[in-house]
Amino acid sequence: MDKLRRVLNGHEDEEQGLTTQVLDSSSLSFGTRVKWFAICFVFGIACSILGTALLFIPAAGKKLFAVFYTLGNIAALASTCFLMGPLKQLKKMFAPTRLIATIVMLLCLIGTLCAVFWWHKNGLAIIFCVLQFFAMTWYSISYIPFARDAVIKCFTGCLN
């Protein structure tokens, strides 16, 4: 009972290793975690919107769009680390039910940046951004019970 009381009051658990204690967000209060989640998530959305607005700049618009859109997705993804902690986030990201969605999403993030900075292919960067959107959507709905099944049934019904 004392152990449960310590955990619920936010005191450190002696049985956890130092690495787990450092990487776990449980040392932050719930209010602080929610505030930083909101800040990081809003920053991610703002970067994505800014990137979309910069798309229409004639010379460097596509490059700026790809960079800001990717930065926005990374910030939005990182925001959930404040809610559940980085270790739990990584464990859930690479759980068998989300493994393919996570890998595709991360490859699209990396592919976008490679297309912009190393390959200098703006069109390919736009394609990777579209794939980022779909991969991030598929990854996000994996956290909602039965949402993937509902989406699959919806598209199956529309295509038949």
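We use all heavy atoms of the structure for the numbers below, so side chains are in, but hydrogens, waters and symmetry mates are not. Sequential numbering from 1 along the given sequence is applied to the chain's residues.
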Subject >> Shortest non-hydrogen separation from I141 to A147 and the atoms involved >> reply: O-CB, 3.5 Å
**OP:** Supply the atom-to-atom distance N160 CG to F155 CZ, rounded to the nearest 0.5 angstrom.
**Re:** 13.0 Å
Original post:
Do Y139 and M93 come within less than 4.5 Å of each other through their side chains, counting heavy atoms only?
Top reply: yes
Subject >> Shared hydrophobic cluster, L131 / M136 (ILVMFWY, side-chain heavy atoms < 4.5 Å) >> reply: no
**OP:** Answer with yes or no whether the side chains of S29 and T32 bring together a donor and an acceptor at under 3.5 Å.
**Re:** yes
Subject >> Separation of L54 CG from Y69 OH (nearest 0.5 Å) >> reply: 14.5 Å
Original post:
Under a 4.5 Å cut-off applied to non-hydrogen side-chain atoms, are I126 and L55 in contact?
Top reply: yes
Original post:
Has L90 got more than 12 heavy atoms of other residues, nucleotides or ligands less than 6.0 Å from its CG?
Top reply: yes
**OP:** Enter the distance from K63:NZ to F117:CZ here, rounded to the nearest 0.5 Å.
**Re:** 7.0 Å
**OP:** Following the transitive rule for hydrophobic clusters with a side-chain heavy-atom cut-off under 4.5 Å over Ile, Leu, Val, Met, Phe, Trp and Tyr, establish whether V34 and W36 coincide in one cluster.
**Re:** yes
**OP:** Would you mind reporting whether M105 and L77 have side-chain heavy atoms less than 4.5 Å apart?
**Re:** yes
Original post:
Do R33 and F30 have side chains that get closer than 4.5 Å, going by heavy atoms?
Top reply: yes
Subject >> Within-4.5 Å side-chain heavy-atom neighbours: W138 and V151 >> reply: yes
Subject >> Gap separating the CG atom of L64 from the OG1 atom of T52, nearest 0.5 angstrom >> reply: 12.0 Å
Original post:
How far does SG of C108 sit from CZ of F134, to the nearest 0.5 angstrom?
Top reply: 11.0 Å
Subject >> Neighbour count >12 (heavy atoms, 6.0 Å) for atom CZ, F94 >> reply: yes
Original post:
Is it the case that one hydrophobic cluster holds both W118 and F128, taking links as side-chain heavy atoms less than 4.5 Å apart, direct or via other members?
Top reply: yes
Subject >> For C40 against A75, the heavy-atom pair lying closest together >> reply: SG-O, 3.3 Å
Original post:
With no hydrogens and no angle check, is any side-chain donor or acceptor of T70 less than 3.5 Å from a backbone partner on L109?
Top reply: no
Subject >> Transitive ILVMFWY side-chain link L50 to V67, under 4.5 Å >> reply: no
Original post:
Between A135 and V104, which heavy-atom pair has the shortest distance, and what is it?
Top reply: CB-CG1, 3.9 Å
Original post:
If you look at every heavy atom in F37 and T80, which pair is closest and at what distance?
Top reply: CD1-N, 4.1 Å
**OP:** Would you name the heavy atoms of S48 and N73 that are closest together and state the gap between them?
**Re:** OG-N, 4.2 Å
Original post:
Should Y143 and K92 count as side-chain neighbours, where that means a heavy-atom distance under 4.5 Å?
Top reply: yes
**OP:** Drop me the distance from C154's SG to D149's CG, to the nearest 0.5 angstrom.
**Re:** 12.5 Å
Original post:
Are I110 and I103 connected in the hydrophobic side-chain network, where two residues link if heavy atoms are under 4.5 Å apart?
Top reply: no
